[in-house]
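Report on one structure; see the data block that follows.
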Amino acid sequence: MIETKASVSDFSQGPVYQNILRLAGPMTLAQLINVLYNIIDRMYIGHMAQDAVNALTGVGLTFPILSIVLAFANLFGTGGAPLFSMARGRGDTEDAGKILGNTFAMLLSTGVVLTAVILLCQKPLLYLFGASDITYPYASSYLTIYLCGSVFVMVGLGLNNFINAQGFGRTAMGTVALGAILNIVLDPLFIFGLHLGVAGAAIATVISQFASAVWAVRFLTGAKAVVRLRRGDMRLQLARIRRIVTLGLSGFIVSITNSAVQIVCNATLQHYSGDLYVGVMTIINSTRDVVTAPVNGLTSASQPVLGYNYGAQQYRRVRTGIGLMSILCVAYTTVVWLILLLFPTAFIRIFTDDPALAAATVPSMHLYFFGFFMMSLQIAGQTAAVSLGRSAQSIFFSLFRKIIIVVPLTLLLPRLWGLGVRGVFLAEPVSNFIGGGACYITMLLTIWRGLRRKEREAAQPPPIN
């Protein structure tokens, strides 16, 4: 079936599960492709003939900085897209267009500023994040080149939210598929064919990101888009930017807190064990990116459907969507937990052939992913909050799990009961149980109850004058 404006734009029609699953298929595939896009460098680097472990560890040290770039893409992209969906649900296409235009302008300008600032500060940052004299050259080589394409990263990722929000799931998948395919083809050419190593991986990534950004901009300025990106809508309006940033703070904080956790983990592991366990964390983070992609795809597919129906005052359909999203997320992550428990080496071998690194990763992976299904409750609860414009609630639980729970535990547990490096990997499951449970229960007590109340009020007959 060809995606058309009529077939994709109205989420208040048809069964809710069909609307979500119609988007979830291509968007989950898009998430998986996007993960492949991000980890393909690590896969090739981990199998280099020389210094593969040090090179893989060095690239892993750049994750916190790359997360900062992604954080700003999320700040504007995930902040603007729900507002865009709600505006479309109200039938206000003018407001939707201005939200899209202001978001694009902020993505572009912020990307330029970030590139300059991080390039100036990269050396002290990388050593602060756990680099050694052995791993720093690899980290610096990769990061310097990657940052030259950070504007393309922000534009491609940020605008793709608006393609999804208009219901063009397969088109949005094309944004990341184009970049991923290019990266898969170019990586071996630059890394092995031209013998550029880590620098070659970064060059391939920048070219791929540029292609994805061009794809997204061309679609949103073309005739097929329901709401187009127009130059006149790019004039910055502080009130509108404030709304975008306020709602996008949740996605921003998720990325920033992920960065903070990675920094603390890498620095702690470097202190207790040196470069080996920093490499272990690189593999675990890469594995987590792979296995959480379907959850991110499902929740991303749910967000425009929930936001549109909330704007259209279809509150029962919103509750149905939240319930479906939650059940599918928990079921999937439970199955993944069992697979990782039984077959960890199948994932580890994707990234390394080094026996010492693989042996250290297996028990660490068992600890890190324990009770993995509780993580999905956090994601589902925050998705419901963001979709309905409850930014403060989502922001609180982003901070609560990562900053209030994970970071202190990462610093404390290695000092207790002789846990050492095991304490670093235990911090994540503890935070999933406490943070995930608290986030979802709060969503039920606030958002769910509020939707039921609005349903009852809407069902009451109007007063007779």
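By convention here, the first residue in the shown sequence is residue 1.
- Applying the side-chain hydrogen bond (donor to acceptor under 3.5 Å, both in side chains) rule to pairs touching residues 327-345 yields Thr333-Ser376, sequence neighbours excluded.
- Within the structure, the salt bridge (charged side-chain N to carboxylate O under 4.0 Å, His left out) test picks out the following pairs touching residues 427-441 (sequence neighbours left out): Arg401-Glu428, Lys402-Glu428.
- Rounding to the nearest 0.5 Å places CG of Leu451 at 11.0 Å from CZ of Arg456.
- Contact of the Val318 side chain with the Lys454 side chain is not registered, since no non-hydrogen atoms from C-beta on lie closer than 4.5 Å.
- Side-chain contact between Val245 and Leu75 is present, with at least one heavy-atom pair separated by less than 4.5 Å.
- At least one donor-acceptor pair under 3.5 Å links the side chain of Trp215 to the backbone N or O of Thr171.
- For Thr410, there are no side chain to side chain donor-acceptor pair (under 3.5 Å) partners, not counting sequence neighbours.
- A search for salt bridge (Lys or Arg N to Asp or Glu O under 4.0 Å) contacts involving Arg452 returns nothing, not counting sequence neighbours.
- At least one side-chain heavy atom of Leu159 sits under 4.5 Å from a side-chain heavy atom of Leu100.
- Listed for the Thr110 side chain is no donor-acceptor partner under 3.5 Å among the backbone atoms of Leu107.
- Note on ring orientation: taking the six-membered ring where Trp is involved, the planes of Phe72 and Phe76 are tilted (angle from 30° to 60°).
- In terms of the side chain to side chain donor-acceptor pair (under 3.5 Å) criterion, residue partners of Thr115 (sequence neighbours excluded) are, by chain and number, Ser150.
- Across every non-hydrogen atom of Pro414 and Leu409, the tightest pair is CD-O, 3.8 Å.
- Using a 4.5 Å heavy-atom threshold, the side chains of Ile65 and Leu126 count as touching.
- The side-chain contact (heavy atoms from CB on, under 4.5 Å) with Val117 is formed by just one residue from the set Leu119, Val113, Leu120; it is Val113.
- When side chains are defined from C-beta on, Ile339 does not count as touching Val291, because their heavy atoms never get closer than 4.5 Å.
- Using cut-offs of 30° and 60° on the angle between ring planes, the pair Phe396 and Phe400 is parallel.
- For residues 361-370, every residue pair satisfying the side-chain hydrogen bond (donor to acceptor under 3.5 Å, both in side chains) rule, not counting sequence neighbours, is listed here: Arg288-Tyr368.
- Not one N or O on the side chain of Asn285 forms a donor-acceptor pair closer than 3.5 Å with the backbone of Thr282.
- Distance alone, capped at 3.5 Å, is enough to place a donor-acceptor pair between the Gln378 side chain and the Phe397 backbone.
- Distance alone, capped at 3.5 Å, is enough to place a donor-acceptor pair between the Asn102 side chain and the Gln237 backbone.
- Rounding to the nearest 0.5 angstrom, the gap separating the OG1 atom in Thr78 from the CG atom in Leu83 is 10.0 Å.
- Between the side chain of Asn160 and the backbone N or O of Gly156, no donor-acceptor pair lies under 3.5 Å.
- The minimum heavy-atom distance between Met365 and Pro344, with the atom names listed, is SD-CB, 3.8 Å.
- Within a 6.0 Å sphere centred on CG of Leu238, heavy atoms belonging to other residues, nucleotides or ligands number 12 at most.
- The minimum heavy-atom distance linking Leu229 with Phe104 is given by the pair CD1-CB, 3.8 Å.
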Next item on the list: Using the side chain to side chain contact (heavy atoms under 4.5 Å, CB included) rule, take Phe433 and Phe370 through it: C-alpha gap first, then chi angles, then the decisive distance, then the call.
Entry: CA-CA 10 Å; Phe433 275 90; Phe370 180 80; 4.1 Å; yes
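- Nearest heavy-atom pair across Trp448 and Leu444 is CB-O, 3.2 Å.
- Below 30°, between 30° and 60°, or above 60°: for Phe425 and Tyr277 the angle between ring planes is between 30° and 60°, a tilted geometry.
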